[in-house]
Every structure is written in structure tokens, then in C-alpha cells.
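Below is one structure; the comments refer to it alone.
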Amino acid sequence: MVRTRVIDVDPVNPSESALVAAADIIKRGGLVAFPTETVYGLGADAYNREAVRRIFEAKNRPMDNPLIVHICGLEWLGIVARNVPEEAHRIAERLWPGPVTLVLWKSDEVPGEVTAGLPKIAIRFPSHPVAMGLIERSGVPIAAPSANLAGRPSPTTAQHVIQDLYGRIELILDGGETLFGVESTIIDLTGEEPKLLRPGPIPVEDLERVLGIRIRIPDYAKGLSEAGVAESPGMKYRHYAPETPLELIEAREYDDISLYSLKVLEIAERHRSRGFKVVILASRETGHEYAERGFRVIELGSRKNLYEVARNLFNSLRAVDSLGVDLAIVEGFEERGLGLTIMNRLRKAARQNRIVV
Ligand code: TXA
Ligand code: MG
């Protein structure tokens with residue numbers, strides 16, 4: 001058991017004292033949870049093997065699932081990676097700092113513990129003032145996975161971090177709710193052609209525009225299958241699932257939304273007639289239809305503003321278990337832009353328990 005401190009920080013103008021206290025812990029090999037523009041991360045000095053091992057322990061993370069290294073400044077790219085291709089520089093110059101992670105060849109500077117022994121390393125330059133300030137004052141790259149217990153939805157508030165990691169880490173910097181609410185877009189630039197490993201806040205269409213070429217989207221990046229370790233480590237693990245069974249109802253297309261909601265309603269009614277208590281996670285456009293029929297509804301946001309849906313996603317998945325229901329049904333979203341990111345998370349959370357209507 002570790003004594004966990006929680007310090008409030010202003011997310012826009014973090015106080016020097018909070019950042020220095022956190023950086024001191026990092027320098028001494030401790031663990032600090034901190035907000036980023038995507039989700040909260042659980043950070044340790046990436047150059048300190050023992051500290052990095054403690055991240056895996058605190059999260060119950062399988063040892064073969066590599067971590068992202070967080071940097072502050074483009075000059076770090078050439079230090080933690082080698083043979084950096086032109087595409088990486090182009091993305092870094094246009095989109096960093098920001099929610100996109102590059103997978104490149106690892107340099108010898110970074111210990112193998114960070115990448116689970118792999119020759120490749122995932123690198124991200126976050127744009128959140130607290131994350132940037134912490135990395136800068138620590139003076140080292142910070143290895144940081146999302147600050148949740150392995151398998152749980154990623155934390156978008158300090159409360160979520162407290163639920164999962166209190167007593168396991170030295171410090172939580174509480175900077176309020178994160179902006180995007182879903183983890184960074186990950187793109188692998190080590191192959192012949194760029195490959196999307198995980199969709200995130202930066203839509204793959206934007207990356208394609210920056211690079212001027214198509215990016216391959218494997219099935220596992222859509223959340224449709226499990227990836228082998230060799231292909232993409234960590235994409236094979238159970239993710240985001242609430243304890244309550246979750247059923248995802250996808251549409252072939254979402255053009256006629258009232259027809260779609262009728263189909264969702266029909267399925268929900270069938271479960272209810274068998275005696276199940278059901279909650280429906282739904283868009284603003286359709287949620288009232290279910291509420292009018294007496295279903296509990298968690299509203300995710302508008303179909304016209306998928307940023308809102310993404311931001312509410314993990315919080316809503318965490319909320320399901322406290323409702324005392326037997327089953328959660330969640331609506332699907334069109335797989336364009338941020339919709340791909342949302343569907344990746346929902347298919348994983350539902351563990352392929354999906355119906356296409
Ligand atoms: O937005 C984010 O990316 C957040 C914040 C804290 O920065 N971090 C995050 O880390 O989501 P994590 O560990 O929860 O997810 C990172 C994913 C994992 O699925 C991991 O397997 C993959 O990135 N990954 C890390 N290093 C890799 C590598 N060398 N090759 C392929 N995949 C890698
Ligand atoms: Mg994670």
C-alpha cells in the first residue's frame with residue numbers, strides 16, 4: 001500500500017508548486033497520474049527501469065503490453081527513436097503537440113522495459129499544459145499508459161483514477177475532466193506503408209491529408225478482431241468492458257435514424273419481456289424514444305457532434321455498473337471521422353457482442 005496524494009491543478013495554468021512536486025516524484029522513481037488532452041496517464045521516468053516496472057504492477061498490466069513514451073519538444077523524437085522517416089517529421093510538425101502517437105524504431109536510449117522488449121517504440125507529444133509542464137520539469141521522457149486498472153475504461157477524470165489506483169501510486173494531479181475523452185490516434189510508420197493501430201481524436205482522414213497517401217486500417221483498428229502480438233501488441237487484450245453485459249446494436253447505415261431506433265427498441269423490449277432490467281446508452285436524437293417507453297437511458301451526446309459522444313463514452317461505460325441493471329444496450333455510430341474511434345471502443349467494450357440491424 002502506497003500513500004496517494006491528490007493535488008488540484010488548474011488545467012490551463014498549472015501552478016509551479018504542483019508541477020515541481022510531481023516532477024520530484026518522477027525523478028525519484030515514483031508514479032504520478034496526470035491529465036492529458038485525451039485521458040489521464042500514469043507516468044514514470046522512461047529511463048528508470050524499476051519505475052517502469054512499477055507501472056505494470058500498479059495497473060495489473062500484462063508485461064508484454066508496451067507503453068507510450070511522452071515527450072515535450074520535437075528534438076526528443078531523434079533521441080528516443082532512430083531511422084525516423086520523413087512521414088514522422090511531417091506529422092510531428094503539423095499535429096504535435098496533440099493527440100497522435102507515432103510508432104517508430106526504438107533507440108538504445110530507452111530501456112526495453114518500456115516497449116515490452118520490442119524494437120519499436122510509441123511516442124507522443126501531448127498538448128495538455130499539465131502534461132507538458134510535468135515532462136519539462138522532470139527533464140526526461142515519461143512512459144505512461146492510461147491511468148486505469150488493466151481492462152477498465154480509460155480515466156477521463158481524477159475520480160476515475162482514484163477508483164482504480166488509490167493506494168497504488170504516489171500522486172494524482174487533478175486537472176478536471178479531459179478534453180477529448182478517448183486515447184490518442186496511433187499510427188505505425190515502420191512498415192512499407194503507414195498503418196493505423198488505434199483510431200483516436202485525430203481522424204484517420206486528417207492523417208491521410210497530411211501524408212497525401214491512404215492509410216491502411218486493419219480490422220483490429222475497427223475493433224472487429226483481435227490483433228496478434230506480432231502485429232500490434234496490446235490490441236489483443238480485453239478492454240473497456242463494464243461488469244454488466246453490454247450489447248452493441250449497429251446499423252448498416254444510419255440515414256433513417258427513426259427506423260434504426262425502432263429496431264433498437266424492439267430488441268430492448270424483447271430483453272425486458274424476459275425479465276431483464278435494461279439501460280440504453282443512446283444519442284440525444286434517439287434517447288427520448290426509449291425513455292418514453294420506460295427504459296433507463298444514458299445520453300452519450302448528439303450524432304451531429306461526435307466529440308461530445310467521445311468525451312462521454314468512458315464515463316458512461318463506468319456508470320453502467322452502478323445502476324443495478326442486468327444488461328446495457330449501446331447504439332452504434334456511423335464509422336466516419338471520430339465515428340471510427342467510437343466504434344473501435346464500443347466493439348471492444350461489448351467484446352464482439354454485436355448485432356447488425
Ligand atoms: O492518449 C493516449 O495515448 C493515452 C495518454 C495517457 O497519453 N495513453 C494510452 O496508453 O492510451 P495505453 O498504454 O493505454 O495505450 C497505448 C497503446 C497500447 O494498446 C499499446 O499496446 C500500444 O499503444 N503500443 C505501445 N507501444 C507500442 C509499440 N511499440 N508498438 C505497437 N503498439 C504499441
Ligand atoms: Mg490503456
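Indexing begins at 1, ligand by ligand and atom by atom, following the structure's order.
- Side-chain contact annotation: Ser146 with Glu183, donor-acceptor N/O pair under 3.5 Å absent.
- At least one N/O-N/O distance between Thr38 and ligand 1 falls below 3.5 Å.
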Please walk me through it: do Lys277 and Asp326 pass salt bridge (charged side-chain N to carboxylate O under 4.0 Å, His left out)? CA-CA 5 Å; Lys277 284 203 202 77; Asp326 304 300; 5.1 Å; no

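- In summary, the side chains of Thr244 and Asp321 do present a donor paired with an acceptor at a separation below 3.5 Å, with no hydrogens or angles considered.
- By the criterion of a heavy-atom distance under 4.0 Å, neither the backbone nor the side chain of Lys106 is placed next to ligand 1.
- Considering both main-chain and side-chain atoms, His70 comes within under 3.5 Å of ligand 1 through a nitrogen or oxygen pair.
- Scanning all heavy atoms of the two residues, the minimum distance from Tyr40 to Leu173 falls at CE2-O, 3.2 Å.
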Output, in order, the C-alpha distance, side-chain angles, deciding distance and verdict of side-chain contact (heavy atoms from CB on, under 4.5 Å) for Glu192 and Arg216. CA-CA 11 Å; Glu192 286 280 298; Arg216 195 156 71 79; over 6 Å; no

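- Near Lys120, meaning under 4.0 Å from one of its heavy atoms, ligand 1 places the atoms 29 (N).
- When only modelled atom types and interatomic distance are considered, His288 and Glu299 share no side-chain donor-acceptor pair under 3.5 Å.
- Between Glu183 and ligand 1, no N or O atom pair is found at a separation short of 3.5 Å.
- The atoms of ligand 1 that sit less than 4.0 Å from any heavy atom of Leu197 are 31 (C), 32 (N).
- Within the set Val182, Val103, Ile142, Asp64, the minimum heavy-atom distance to atom 30 (N) of ligand 1 is found for Val103.
- Because the distance cut-off is set at 2.8 Å, Ser146 qualifies as a neighbour of the Mg ion (ligand 2) through one of its N, O or S atoms.
- Within the 4.0 Å heavy-atom shell around ligand 1 one does not find Thr115.
- For a threshold of 3.5 Å applied to N or O pairs, the pair formed by Arg124 and ligand 1 contains at least one separation below that value.
- The residue from Pro99, Ala144, Ala116, Ser184 that puts a heavy atom closest to atom 3 (O) of ligand 1 is Ser184.
- A donor-acceptor contact shorter than 3.5 Å links the side chain of Thr185 to the backbone of Ile202.
- One side chain, Ser283 or Arg303, offers a donor N or O that lies under 3.5 Å from an acceptor on the other.
- Residues Tyr254 and Tyr260 place their aromatic rings such that the two centres sit under 6.0 Å apart.
- Contact check on Glu208 versus Arg214 returns a salt bridge, with a Lys/Arg side-chain nitrogen under 4.0 Å from an Asp/Glu carboxylate oxygen.
- Interface of Ile186 with ligand 1, defined as ligand atoms under 4.0 Å from a residue heavy atom, comprises 17 (C), 23 (O).
- When heavy-atom distances to ligand 1 are checked against a 4.0 Å cut-off, Arg61 comes that close only through its side chain, counted from C-beta outward.
- The heavy atom nearest to atom 8 (N) of ligand 1, considering only Ser146, Gly41, Ala122, is found in Ser146.
- Those atoms of ligand 1 with a heavy atom of Asn65 less than 4.0 angstrom away are 18 (C), 20 (C), 21 (O).
- Of the listed residues (Asn148, Val39, Val69, Thr190), the one carrying the non-hydrogen atom nearest atom 4 (C) of ligand 1 is Val39.
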